[in-house]
Asks: 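A single structure is presented below for examination.
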Amino acid sequence: MTNKEKSAEMVSKFVHVLRCSICNMPMEVMDLKSLVCLNEHTFDLAKQGYINLLTRSVNSHYDKELFKARKSVIKESDLFSLLHEKILEIIKEYLEDSMSEIMFFDAGCGEGSHLQKIIDNAENLAVTGIGLDISKDGIKMAASNYKESIWLVGDLANSPLADQSCHVILNILSPANYKEFQRILVSDGIVLKIVPRSHYLKELREALFNNTDKKSYKNDKTVALFNNHFHLLDVINLKYTKKLTQTALIHLVQMSPLAWNTSKRDMNRIINQGISAVTVDLDILIGINKKTKGDRY
Ligand SMILES: C[S@@+](CC[C@H](N)C(=O)[O-])C[C@H]1O[C@@H](n2cnc3c(N)ncnc32)[C@H](O)[C@@H]1O
Ligand SMILES: [Zn+2]
């Protein structure tokens with residue numbers, strides 16, 4: 001059986017959580033090759049096993065090199081291990097014990113390593129991962145590396161997921177569409193939005209933007225917007241400093257949108273400056289549907 005056929009089997013098992021991104025109708029898998037909706041809109045599986053459900057072409061700032069660097073840092077260094085552990089802890093704490101199969105949706109998953117690392121550590125939980133990103137390069141890499149999840153190229157503002165289909169929505173350092181998240185989330189599900197705080201990667205920021213006002217930023221507006229759409233159960237600040245190898249540091253500089261406006265010379269200067277440790281400073285916003293709040297709390 002080819003990778004594509006294996007993915008098609010996996011997708012057919014969970015096809016009820018998907019919907020057509022053109023007409024919103026339910027879909028089914030045909031001949032282990034394509035997803036077809038009731039109105040016969042057809043989306044083929046790629047040979048890596050992902051499905052492109054975008055209805056328009058999109059240019060992304062995020063390219064293969066950036067995703068390769070993200071993969072090395074997220075998968076091979078332990079810079080984000082504490083984040084992965086915390087997310088799993090939150091899922092165990094907030095989801096009902098009775099949930100047998102947890103649909104875990106990563107909206108804006110990039111190359112998929114965060115989702116996969118969390119699932120790999122989930123041990124006793126039956127978790128099915130669905131990663132969606134608007135970047136084909138990111139999803140192609142995810143599908144090539146991680147065979148156990150469903151990978152979709154799509155727009156989170158017009159998500160190819162059915163109403164009330166997911167128990168956990170994860171949104172790490174990516175844009176959000178809260179109307180869509182409200183629609184997709186089951187009534188007792190949770191949304192976890194991960195946003196940077198002012199000391200996030202501060203060592204890189206200081207090296208790049210020394211003496212400018214770009215040095216720090218606030219996330220109050222992000223928190224307020226989240227709070228408008230979901231009942232905010234908690235905000236957990238995760239702040240720690242990790243030592244990095246020179247190779248991991250290079251990848252960290254390459255993976256960050258901070259580097260977009262930075263010349264090669266400045267990148268090299270940062271790398272040679274001898275930064276040996278970097279700070280991770282993130283808020284995890286935990287939300288539930290407002291309608292559900294009364295029933296639970
Ligand atoms: C900073 S990256 C974070 C990726 C991943 N969560 C991680 O932490 O490695 C932001 C991601 O959001 C994706 N993105 C931006 N707009 C999107 C949209 N409308 N729908 C889906 N993904 C989107 C980008 O393609 C990119 O992969
Ligand atoms: Zn359709």
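For ligands, and for the atoms within them, numbers begin at 1 and follow the listed sequence. All residue numbers refer to positions in the sequence shown, counting from 1.
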Asks: Give me the residue, atom name and distance of the protein heavy atom closest to atom 23 (C) of ligand 1.
Replies: I134 CG2, 3.6 Å
Asks: Can you see which heavy atom on I190 is nearest to which on L185, and at what distance?
Replies: O-CD1, 3.6 Å
Asks: Hey, does G154 sit under 4.0 Å from ligand 1 if you only count heavy atoms?
Replies: yes
Asks: Do the charged groups of D163 and R19 touch, with an N to O distance under 4.0 Å?
Replies: yes
Asks: What I want to find out is whether K92 reaches E89 closely enough, with some N-O distance under 4.0 Å, to be called a salt bridge.
Replies: no
Asks: Side chains of S34 and D44: donor-acceptor distance under 3.5 Å anywhere?
Replies: yes
Asks: Touching ligand 1 at all, N171? Heavy atoms, strictly under 4.0 Å?
Replies: no
Asks: Identify, for atom 11 (C) of ligand 1, the protein heavy atom at the shortest distance, and state residue, atom and that distance.
Replies: S174 OG, 3.4 Å
Asks: Regarding K6 and E9, does a basic nitrogen lie under 4.0 Å from an acidic carboxylate oxygen?
Replies: no
Asks: Taking distance alone, with N or O pairs closer than 3.5 Å, would you say P175 contacts ligand 1?
Replies: no
Asks: Tell me, which protein residue and heavy-atom name are nearest atom 25 (O) of ligand 1, and how many Å apart are they?
Replies: D133 OD1, 2.6 Å
Asks: Would you please say whether a donor-acceptor pair under 3.5 Å links the side chains of S144 and Y50?
Replies: no
Asks: Say whether A157 and ligand 1 are in contact under the criterion: heavy-atom distance to a ligand atom below 4.0 Å.
Replies: no
Asks: Specify the protein heavy atom at minimum distance from atom 9 (O) of ligand 1: its residue, its atom name, and the distance to 0.1 Å.
Replies: R70 NE, 2.7 Å
Asks: Group every Ile, Leu, Val, Met, Phe, Trp and Tyr by side-chain heavy-atom contacts under 4.5 Å, then state whether L79 and L173 land in the same group.
Replies: yes
Asks: Measure the distance from atom 20 (N) of ligand 1 to every protein heavy atom, then report the residue, atom name and distance (to 0.1 Å) of the closest one.
Replies: L156 N, 2.9 Å
Asks: Out of the candidates T279, D78, V280, only one should pair with K242 under the side-chain contact (heavy atoms from CB on, under 4.5 Å) rule; please name it.
Replies: D78
Asks: Can you tell if the side chain of V191 reaches within under 4.5 Å of the side chain of V168, non-hydrogen atoms only?
Replies: no
Asks: Tell me, which protein residue and heavy-atom name are nearest atom 4 (C) of ligand 1, and how many Å apart are they?
Replies: G108 O, 3.5 Å
Asks: Once you restrict to heavy atoms under 4.0 Å, what part of I74 touches ligand 1? Side chain, backbone, both or neither.
Replies: side chain
Asks: Using the rule that two of Ile, Leu, Val, Met, Phe, Trp, Tyr join whenever any of their side-chain heavy atoms come within less than 4.5 Å, decide whether Y146 and I87 are in one cluster.
Replies: yes
Asks: With backbone taken as N, CA, C and O and side chain as the heavy atoms from C-beta onward, which portion of C109 lies under 4.0 Å from ligand 1: side chain, backbone, both, or neither?
Replies: backbone
Asks: For the metal site, I want the angle between atom ND1 of H41 and atom SG of C23 with the Zn ion (ligand 2) at the apex, to 10°.
Replies: 110°
Asks: Need the ligand 1 atom indices (1-based, order shown) with element for anything under 4.0 Å from a heavy-atom of H114.
Replies: 7 (C), 8 (O), 9 (O)
Asks: Can you report which non-hydrogen protein atom sits closest to atom 19 (N) of ligand 1, along with the distance?
Replies: D155 OD1, 2.8 Å
Asks: For ligand 1, note which part of E111 has a heavy atom under 4.0 Å away: side chain, backbone, both or neither.
Replies: neither
Asks: side-chain contact (heavy atoms from CB on, under 4.5 Å) with V127: which of I118, I119, L88?
Replies: I119
Asks: Considering only heavy atoms, does F67 approach ligand 1 within less than 4.0 Å through its side chain, its backbone, both, or neither?
Replies: side chain
